[in-house]
Amino acid sequence: MRRQIPLMLVFIFGIFMIFQYFVPHESSEWIYEFLLDWIYIIGIFALALGIWSLIRVSVAKIKAHKSGWGYPIITLAGLFLMILFGFTGYRDGSWGFYFMTAEGLSNPMFRHFFDYIMIPIQSTMFALLAFFIASAAYRAFRARNIMASLLLVAALVVMLRFNPYLGPIGPVIADTASWLLNVPNLAAKRAIIIGVGLGMVATSLKIILGIERGYLGKG
Amino acid sequence: MNIFDRMMSLDRRWVFLLLVVVCAVTYIVPFQVPIRVEGEVRSIYDFIDTLKPGEIVFIAIDYDPNALAELHPMCYAVMEHCFRKNLKVIVTALSQNGPGMAEQAILNISDSLMLDREYNGVLYEGREIRNGEDYAFLGYKPYFALVILGMGQNFRIPFPTDYYGTPLDSIPMMQGVQNYDQVACVVDLSAGNITDAWISYGQGRFYFPLALGLTGVMGADYYPYLNSRQIFGLMAGLYGAAQYEEMANNPGLAKDGMRVQVYAHLVIILFILMGNIGYFMGRRDEKK
Amino acid sequence: MRRSTIIVMAAIFGLFILTWILRSTSLASVQEHYLIGGFKVTFSAFLTLAILSFLYKDNPFYKFAEHLFVGISAAFWMSMGFWTTIVGNLIPRLSRSLSEFFQVPYQPGSYNFVYFIPVILGIMLLMRLSSKYGWFARWPLAFIVGTFAGLNFVRYLRSDFIEQVSATFVPLLVNWQGVEHFFSNFSLSASGQFVAIVGNWVIFLGVICGIIYFFFSKEHKGAFGTASRVGIWILMITFGASFGYTVMGRISLLVGRITFLFRDWLGLIS
Amino acid sequence: MKCRSLIAFLLVLCAFTLTGAQEGIGPPDSISADSTRGDSILPPAPVGNLKAWDTDDDHGHSVTLEWEISSDDGAGQNSVLSYEIFRWTPFFMDTLKGIRNSLAQTEAYIAELQAFLPRAKKRLKVHRKGEPGVGFADSVAFYVDTIAASERWLPLHKDRLGQLRRERAQAIDMIPQAHKSYPEQGEWRKVGTALSGQTSYVDAGVKEKVSGDYLADHADYYYRVDAVTADSTIRTSSEIAGPVQSYGQFFNTGRIPVFVAVIVFTFLTVFFVTKARRGADLYVRPLAGIEAVDDAIGRATEMGKPILYVLGLGTAADIGTIASFTILGRVAKRVAEYQTKLIVPCYDPIVMTVAQEIVKSAYLDAGRPDDYYEDIVYFVTQSQFAYVAAVNGTMLRELPATNMYMGVFFAESLILAETGALAGSIQIAGTDQVAQLPFFIVACDYTLIGEELYAASAYLGREPILLGSLKAQDYAKAAVMVLALLGLIAVNLDWTAFTDLFVVAK
């Protein structure tokens, strides 16, 4: 009962979605749209579970009083402040349970926290990639064997494609780089995508048929 | 630990430090890097450079502000080149969010034309760029494919008036200018499918010389048109724009960006080479 | 706390105040609330530097930024999810009085009752918190997994399988106009016929060798092994080239942050 | 005072709509002569052979038109710039449009009144509390009156709304009937434009009945196509095509190739799984990344350090994440057996829920339910870089012996892998995101490339059933190679009948 019903649900909805793909009729589209709407709604309930988990882990750390126990307080403070800003707002001369108004977000603090805390941290985290791409290249691009050498040479050629100090070999490098990016790149990506596609299809089928049930907690 | 081991196992913080210093310095200090110019950009420059004063270049600014970083440098470089050569320019903006941005670009370029400048050893005196005499800004109309087709008959069909509401017949430089036949070439700067319309409905039907300025990712898809001679030139991305600036001897936004890129790439390549030299030398020592 | 830590902290706090004042004074002629404006920019810059300091090593400033970011972003997505999905999508279909409370237009319809199902499934999911009825949570999970398994099954069969296979059908002799034409117009230029032909051969053979590399149930020996090795070589070349190609975009991101620090915060460049 | 005039205006508007004022029927699209044209154009030749039919393989509400281009398009006078498509529309459609407009207006008024009432009541309270002064009695009385009036109007408006909705539903049902009156009580109206050179147009409406773009099924439609020159007054109409009805289909014939693939693939999988179940011995080649998993767990145990398992940014709907779930199950079981610490930070709350379930059962299976605690798997945040920031911190503070990244990853792949390398952990990655593979390959010790991620669950479990499905995948790959070869031959011999088999309708 505890395992059979979920497996049956998986089978029924999986088969339905496969047939739905071949039926263009309106009724089939309606059901499809309903199902996708449902999933979004369930996702929000799950988010409540997530927030609960975040709070519990933070509280546990604070209680344990291990080193760095103060930081989870910042997490919780940020969380509750932002929830407060997100759920209350000022509209038409009074504070209340608002979010959007015709002019935009009803609570300016929500906007400020987004613009001046989330955005700078987010873009700086993203910008860390510039450093990590350099350090990864330095650390890993060693011509140890054929495969590593191919990786290294291809990367070097592409990185040199617009270098102005190469003299007569410059144009050759640029042509080679664009060939590498257009030809072998296409072939390899297509091979991977076909493989990934087959893997996805096979895994989906195994899920629908109840062969793969690792996601239910048993292998 | 000998020097080769050290070259191999340098603390990555040195990599970080050198990279950030190089990026910041090359960004702030305005020195020039040479840019290697490729044939497809050179042909656009040469085409415009050899036009006689008074001839008309049609510049289609068909991108939104979100593609501004890559395409604005091209717009600035090409349009300033045209004005310096005393060519006349017709500008359209067929992308919905583009007209305001295009107008601002024209005004900025007009401002910089007030100054005396020397390019490629030739002194160009500053002059005032006048709307209606040096350029006509036609603005935006929906259904770009239809607009491009209509302009093949007469510019006055899709644009009875220009962006500012002046009838085209009252604009001095539009006197006797009916359609693409009176235009020396069309330069389309675009980040989307308007390019395809220019190729198939514009060039494909009215046979005017067409050059493209595209974003970096789009570039590769349009090389076949170069081979089939449907377009006579192509600039792709920041690098394409930097090449035009290089030809025009007028360094701008693109060359600023490329300066950082060239040196940042060199730093990374340098570290890769260092690691490998250390690796090979270290292995040779071991064999001995 | 060690003495050196306290000194560093104090120095950074001092710098923060200093740049705040400097930034505010430069804003004074432009903005009405220049003190607040200055604080906002300075705080953003502080957070930017806090994250960058991670490159040196883990430190209290990074920890501060990290923990703050986690809390705020979790709440951000929760608010967005609540207002867009629950209030925007669900409530207008469930209840007139709740719609009026949230001031969203009520959307009556004859199939609205089905929207009670995701609510029930959502509540089942919340039962995870109970140790006794936790297994009910598997029902909504099964629903989601099953629906998407069916969806993905046909979707990837089309996009990743049929369409990719048919994209591999390429002419091996591009623009073939006879042997004589081929040799008389032979050139190694990037746009020439020879390069186009080689390109298509590489694409076809590359795809085949790449697929051979992914065979699991056959030993990679002999000719099969050679093909599989060629396959992984082509994969490696591709990975190297993609890596090299990405560098440019990543550097641009860093330049974006440098612009923020030097122009928007310090005002050193215009 | 400004507020007062607004309210009064609102009430007048309410009364106006309640009287049932309908938007007047506008004049048909007028065609204005283009005065800027000097030279005259002759009327072009009309398009030929206009045909109209229900669009194939769709949900209905759409009609396809096809014609032969005018002889003055690209040839002859070369004067045709575009084709304009006209549909005969009964005047009844204007009545329907009127109902739709009134409905929208009524809805807007109700919303405005509903927003106004609580505000006005609040104001009234404030005014009553306020200092009695000039105009005090006036404003209180004013608010009392307007609130009373609004409360009176509101139910009336709501009734009107219900009535309008019923009217709209009836009117929509009458659309097919109204089209029967052709050619009386209606006129030709433009529905779209095709550019010169084009020979077809799809008049696609939407299926939502409340929308103004709704195109009813089972109604008789008539179409006409005008060849239009630069001067839009100079045009020539075609012959009329129709009547034509649109309707939905129950099978999309354009997707037959996918259908065949579904059947073949399902058959292959079922066949090999059954064969494997009967005990046939199946060989699988070794995968370095998989063999490293066991070693890595052993290493972590020896070092007394934890194992970090990152499920990526995928949702429970992504197959990559589901493959990762299965691997997590195996890893968690070994970890429980070795009594090593496991850390699983999650990005998606549903993924977290599933992962908790999996790890819990794995500990149960390993016979160590007491070692399990809920916070092995925890939620961080649903924001990409906040999640990365937190995982980075965890890596440098907990110093795990092994980091495993399995599932769906985006730009964060390299940030995670480089930080992990900095912490000195052994790193095993696996993803189906082609764009991120280069970074994992470069920065991690072992990487499962694409399909290998899906195969990993079968490898780790060594269950014959799962291995059987690997065999099916290999046969499908062999089929791909054969098809690719055949397709190649077909393309080179211009054998389009074969390549057309692979064309799938969107």
Side-chain angles (χ1 to χ4, degrees), chain A residues 2 6 9-10 13-14 17-18 21 34-35 38-42 44-47 51 54 71 74-75 78-79 82-83 86 99 113 116-117 120-121 124 126-127 129-131 133 147 150-151 154-155 158-159 175 180-181 183-188 190-191 193-195 197 200-201 204 207-208, chain C residues 40 44 47-48 51 63 67-72 75 78-79 81 83 85-86 90 114 118 121-122 125 135 138 140 142-144 146-147 149-154 156-157 160-161 164 190 199 202-203 206-207 210-211 214 233-238 240-241 243-245 247 250-251 253-254 257:
Chain A
R2 291 184 182 191
L9 285 177
V10 167
F13 283 104
M17 289 309 270
I18 293 175
Y21 179 78
F34 274 142
L35 290 183
W38 291 7
I39 290 173
Y40 286 123
I41 294 165
I42 297 173
I44 300 298
F45 281 89
L47 196 53
I51 300 281
L54 178 64
Y71 293 106
I74 299 169
T75 305
L79 181 78
M82 196 69 170
I83 288 180
F99 189 58
F113 268 47
Y116 297 101
I117 297 180
I121 301 187
T124 314
F126 203 4
L129 275 170
F131 296 101
I133 209 165
M147 294 220 294
L150 288 172
L151 196 70
V158 173
M159 282 165 70
D175 283 350
L180 283 179
L181 288 169
V183 177
N185 197 16
L186 193 70
R190 194 168 287 157
I193 288 174
I194 290 175
M200 286 205 185
V201 167
S204 304
I207 291 167
I208 295 170
Chain C
K40 284 192 281 200
S44 300
L47 291 173
T48 301
I51 295 292
K63 284 184 200 166
H67 283 87
L68 184 67
F69 190 19
V70 167
I72 288 180
M78 193 177 140
S79 304
W83 289 103
T85 307
I86 301 285
L90 180 66
V114 297
L121 288 172
L125 199 64
W135 55 274
R138 285 180 184 162
F143 162 71
I144 293 174
T147 307
L151 194 66
N152 288 331
F153 184 50
V154 277
Y156 285 102
L157 212 48
D160 282 19
F161 184 75
Q164 292 295 328
V202 170
I203 287 174
V207 171
I211 292 175
F214 286 112
W233 286 350
I234 290 182
L235 290 190
M236 284 301 154
I237 291 174
T238 299
F243 188 98
Y245 188 71
V247 174
R250 301 300 185 238
I251 299 291
L253 293 173
L254 179 59
R257 286 333 280 167

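Note on naming: letters A, B, ... go to the chains in the order of the sequence lines (proteins, then strands), and numbering restarts at 1 for each one.
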For a quick test of reading the model, state the closest non-hydrogen atom pair linking [X] to [Y] and the distance between them.
X      : Y      : result
A:A154 : C:I237 : CB-O, 3.3 Å
C:V154 : A:M17  : CG2-O, 4.5 Å
A:S204 : C:A149 : CB-O, 3.4 Å
A:M82  : C:S79  : O-OG, 4.2 Å
A:P6   : C:R138 : CG-CB, 3.9 Å

Need one label for [X]: side chain, backbone, both or neither, based on atoms under 4.5 Å from any heavy atom in chain C.
X      : result
A:L181 : side chain
A:L35  : both
A:M200 : side chain
A:L54  : side chain
A:F131 : side chain

Selection from [options] maximising heavy-atom pairs under 4.5 Å formed with chain C:
options                        : answer
A:G197, A:G195, A:A188         : A:A188
A:N185, A:I121, A:L150, A:I193 : A:I121
A:I207, A:I83, A:I44           : A:I44
A:L180, A:L186, A:I208         : A:I208
A:L47, A:L9, A:I74             : A:I74

Heavy-atom pairs under 4.5 Å with chain A: which of [options] has the most?
options                       : answer
C:L47, C:I72, C:L125, C:T48   : C:I72
C:I211, C:T85, C:I251         : C:T85
C:I86, C:V114, C:L90, C:L68   : C:V114
C:G210, C:G81, C:G122, C:G199 : C:G122

Assess whether side-chain contact (heavy atoms from CB on, under 4.5 Å) is satisfied between A:I39 and C:F143, documenting all intermediate values.
CA-CA 9 Å; A:I39 290 173; C:F143 162 71; 3.7 Å; yes
inquiry  = Given heavy-atom pairs under 4.5 angstrom as the criterion, report whether the side chain, backbone, both or neither of C:F214 touches chain A.
reply    =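 The answer is the side chain of C:F214.
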Exercise. C:T147 side chain to A:F13 main-chain N or O, any donor-acceptor pair under 3.5 Å?
Worked result: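 Looks like no, no N/O pair under 3.5 Å.
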Checklist entry - Looking at residues at least two apart in the chain, or sitting in another chain, which of them share a side-chain hydrogen bond (donor to acceptor under 3.5 Å, both in side chains) with A:T124? => result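 Partners of A:T124 by the side-chain hydrogen bond (donor to acceptor under 3.5 Å, both in side chains) criterion, ordered by chain and then number, come out as C:R257.
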Going by side-chain hydrogen bond (donor to acceptor under 3.5 Å, both in side chains), name the residues that satisfy it together with A:R190, two or more places apart in sequence or in a different chain.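 Only C:Q164 meet the side-chain hydrogen bond (donor to acceptor under 3.5 Å, both in side chains) criterion with A:R190.
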Practice item. Find the distance between CZ (A:F45) and CG (C:L121) and round it off to the nearest 0.5 Å. Key: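 Answer rounded to 0.5 Å: 9.5 Å.
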Hey, could you give me the CD1/CH2 distance between C:I144 and A:W38, rounded to the nearest 0.5 Å?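 With rounding to 0.5 Å, CD1 (C:I144) is 12.0 Å from CH2 (A:W38).
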* Any chance you could lay out the side-chain contact (heavy atoms from CB on, under 4.5 Å) test for A:F126 and C:R250, step after step, and finish with the verdict? => CA-CA 8 Å; A:F126 203 4; C:R250 301 300 185 238; 4.1 Å; yes
